[in-house]
Amino acid sequence: MAEPRIISSKDNPLLVRVRKLAADPGGYRKLGEVWLEGDHLCEAFVRRGGRPLQAVVSTEGWQRPALRELAALAPAVAIVPAELMAGLSSLESPPAIGFVVATPTAAAIRPDAPSVVLDRLQDAGNVGTILRSAAAFGFPQVVALKGTAALWSPKVLRAGMGAHFGLRLVEGADAEALAALRMPLLATSSHAAQALHEVDLPWPCAWVLGHEGQGIGAALAQRCAMSLRIPQPGGEESLNVAAAAAVCLYESARQRAA
């Protein structure tokens with residue numbers, strides 16, 4: 001690690017760049033860098049073999065040995081006062097450390113990888129939560145079709161809680177690209193005749209999750225080998241898409257283990 005740099009001006013080029021990354025969901029595509037906010041995300045990144053380009057630490061954070069050690073993994077470290085650190089975050093309590101990392105190289109679809117397909121999901125919290133479920137239940141590949149919230153945006157990263165770094169993420173794909181998957185596509189529908197737990201789910205498979213209001217596009221739905229119902233004895237009309245994803249991915253994992 002080089003000698004830490006103390007930054008006291010909000011107009012410093014590094015802080016200007018980080019603010020753009022923090023404020024613009026698609027900023028990582030334009031600038032080629034991703035802003036990881038907080039020690040949890042930074043630690044998850046390095047646990048998976050990632051190496052940051054730059055660490056930014058608050059003056060108070062620099063006094064904590066654990067954060068100094070984490071920051072030392074970057075070739076460049078900037079120390080900034082708390083008020084400037086707050087300007088890099090949209091959180092009420094800004095974290096004491098963040099990493100600037102290179103935007104990951106776009107991945108191609110791996111034909112044999114159990115997958116989750118996101119069809120135009122808009123809510124960043126839903127997308128990040130689904131990534132967490134995919135990582136938890138053994139679906140190592142997530143394919144985000146065009147129109148889906150930016151996978152490496154700050155809000156999706158926060159909701160993903162580090163799941164990004166253990167997944168193969170394919171972003172901006174066309175529906176036609178799903179032909180590369182050598183496995184059945186599965187969908188859910190409240191009108192389906194068969195319930196999720198009543199059928200033998202194929203493995204590997206790809207669960208398709210659709211837009212929060214519109215669901216899966218009609219053409220994509222026709223390509224799904226199965227459309228299954230999630231039983232809801234409480235009487236609600238439908239589940240939040242992230243909750244539905246967790247149920248479906250868990251059932252696939254449960255049947256596989258059994």
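Heavy-atom basis, side chains included; hydrogens, waters and symmetry copies ignored.
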Cluster question for you: counting only ILVMFWY and a side-chain heavy-atom cut-off of under 4.5 Å, with indirect links fine, are [X] and [Y] together?
X	Y	answer
L131	W207	yes
F137	V127	yes
L31	Y28	no
V170	L220	yes

Hey, what do you get for [atom1] ([X]) to [atom2] ([Y]), rounding to the nearest 0.5 Å?
X	Y	atom1	atom2	result
L14	I7	CG	CD1	4.5 Å
L121	E212	CG	CD	4.5 Å
S9	L84	OG	CG	7.5 Å
H40	I97	NE2	CD1	14.0 Å
N12	I6	CG	CD1	12.5 Å
F139	I130	CZ	CD1	12.5 Å

[X] (side chain) donor-acceptor with [Y] (main chain) under 3.5 angstrom:
X	Y	value
R68	W62	yes
Q54	A76	yes
Q122	G147	yes
S58	V80	no
T148	L118	yes
R19	K10	yes
Q141	R110	yes
R29	A150	no
R229	A193	yes
Q255	V199	yes

Of all the heavy-atom pairs spanning [X] and [Y], show the shortest one and how long it is.
X	Y	answer
C224	V208	SG-CG2, 4.1 Å
G217	R120	N-NH2, 3.3 Å
L67	D39	CD2-CB, 3.9 Å
A71	F99	CA-CE2, 4.4 Å

> Does the side chain of V156 come within less than 4.5 Å of H164's, by heavy atoms?
Replying inline: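 A side-chain contact exists here, since the closest heavy-atom pair is under 4.5 Å.
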> Should P114 and R256 count as side-chain neighbours, where that means a heavy-atom distance under 4.5 Å?
Replying inline: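 A side-chain contact under 4.5 Å is absent here.
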>> Between T103 and W152, does the side chain to side chain donor-acceptor pair (under 3.5 Å) criterion hold? Intermediate values first, please.
In response: CA-CA 8 Å; T103 299; W152 293 96; over 6 Å; no
